[in-house]
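First the structure, in the form of structure tokens, and then the observations on it.
Order of listing sets the numbers, starting from 1, for every ligand and every atom in it.
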Amino acid sequence: MRYIEPHAHMVSRVTDDYRDMLAAGCAAVSEPAFWAGFDRGTPQGFHDYFCQLTDYEPKRAAKFGLPHFCWLCINPKESENVSLAEEVLAMIPRFLDRPNVLGIGEIGLNKNSRNELRVLEMHVDLAARQDQMILVHTPHLEDKLKGTNLILDVLKSDRRFNPGRVIIDHVEEHTVKPVLDAGFWAGMTLYPESKCTAARSVDIIECYGAERLWMNSACDWGNSVPLAVPYAALEMRRRGHSLDEIDRLIYRNPVQFLGQNPRFKLGEEQPA
Ligand SMILES: [Zn+2]
């Protein structure tokens, strides 16, 4: 098996996780910027985090032979403070030229507040001006559908975007269709408790097909499983999906999306 982990917060994982991912067939990891479990209080805190994502973490992954890529933003959970967000956004262009940066993310909404929406629009504008791809986080709360629709409205009303260069992550049964219908990519996040389980994600694939869909573990400092993607592949296999279908979903699809940025390069050619 070969796969891409397109959404993992490796800064909060131990090196044993890198080793296990490699052993399971991981060919590259992509790491969106996210909330650290506490609110960073200053732009300097974000500066250091962006240095970690663009300098230290790719070196740590390289020790295991794993290409590491990242996305930059201020996370929706920290978007209530608009003036802090403005300072962080002003800093991001300085990092966009770093060789492992793929775009702006994970932006989006958490509680669907007015300030979060404003900061989302600021990020979307920055991405458009800088011609960057976007990775979007949707709320985990009961208002996921409302938040997803608000995000889709913001993205669809901006004519500067090709929806094929935007992925909306953490989709579930009730949000995947509007995302795909609008031409965006959709990510299914495999969590042991919330979001999608492996079985639910395979249900979604069986209902909607595998086009413009990927799976990720979104492993972080919380209750999450770094090998969730290969485990979901085992569930697909158990339910009779072919090896080619599995390879498309967990390897070729993320390569197709991420590869729209020429910086996304794999190491050695992966065997099929
Ligand atoms: Zn995340």
Side-chain angles (χ1 to χ4, degrees), residues 3-14 17-18 21 26 28-40 45-46 49-50 52-54 57-58 61 68-79 85 88 92 100-112 116 119-120 123-124 127 132-141 143-144 147-148 151 155 166-172 175-176 179 184-198 200-201 213-229 231-232 250 254 257-258 264:
Y3 77 100
I4 306 292
E5 174 50 81
H7 186 148
H9 300 294
M10 299 309 293
V11 300
S12 55
R13 306 303 310 193
V14 296
D17 295 326
Y18 273 123
M21 288 161 72
C26 188
V29 60
S30 124
E31 174 156 8
F34 87 135
W35 189 58
F38 61 93
D39 288 350
R40 299 177 186 89
F46 284 90
Y49 178 46
F50 295 159
Q52 186 179 15
L53 287 176
T54 57
E57 202 58 37
H68 175 282
F69 303 92
C70 73
W71 305 71
L72 303 176
C73 74
I74 176 168
N75 194 269
K77 275 199 177 188
E78 289 165 305
S79 294
V88 174
I92 289 175
N100 73 329
V101 177
L102 295 182
I104 301 296
E106 56 187 294
I107 60 172
L109 298 172
N110 181 49
K111 292 182 186 155
N112 302 335
E116 286 176 11
V119 174
L120 169 65
H123 277 111
V124 168
Q132 295 290 318
M133 289 166 57
I134 292 181
L135 191 154
V136 178
H137 163 101
T138 50
H140 307 311
L141 311 171
D143 45 9
K144 177 182 278 288
T148 302
I151 291 164
L155 290 166
V166 177
I167 183 145
I168 315 279
D169 210 341
H170 317 318
V171 298
E172 293 178 17
T175 59
V176 63
V179 169
F184 298 102
W185 280 70
M188 297 180 290
T189 296
L190 305 161
Y191 262 16
E193 292 170 349
S194 59
K195 304 180 189 162
C196 271
T197 59
R200 283 173 59 201
S201 74
L213 264 179
W214 78 25
M215 296 193 287
N216 58 69
S217 76
C219 59
D220 54 27
W221 38 261
N223 195 0
S224 51
V225 180
L227 296 186
V229 172
Y231 291 166
I250 67 175
F257 179 79
L258 300 171
F264 180 79

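- Listed for the T138 side chain is a donor-acceptor partner under 3.5 Å among the backbone atoms of D169.
- If you count the protein N, O or S atoms nearer to the Zn ion (ligand 1) than 2.8 Å, you get 3.
- The main-chain N or O of V171 is never found under 3.5 Å from a side-chain atom of T175 such that the two would form a donor-acceptor pair.
- Take D17 and apply the salt bridge (Lys or Arg N to Asp or Glu O under 4.0 Å) test, not counting sequence neighbours, and it matches R13.
- Under the rule for a side-chain contact (heavy atoms from CB on, under 4.5 Å), the partners of A61 that lie at least two apart in sequence or sit in another chain are Y18, L66, H68.
- Every side-chain contact (heavy atoms from CB on, under 4.5 Å) that A36 has, sequence neighbours left out, goes to F38, R40.
- Under the 30°/60° scheme for interplanar angles, the aromatic rings of H140 and Y191 are found to be tilted.
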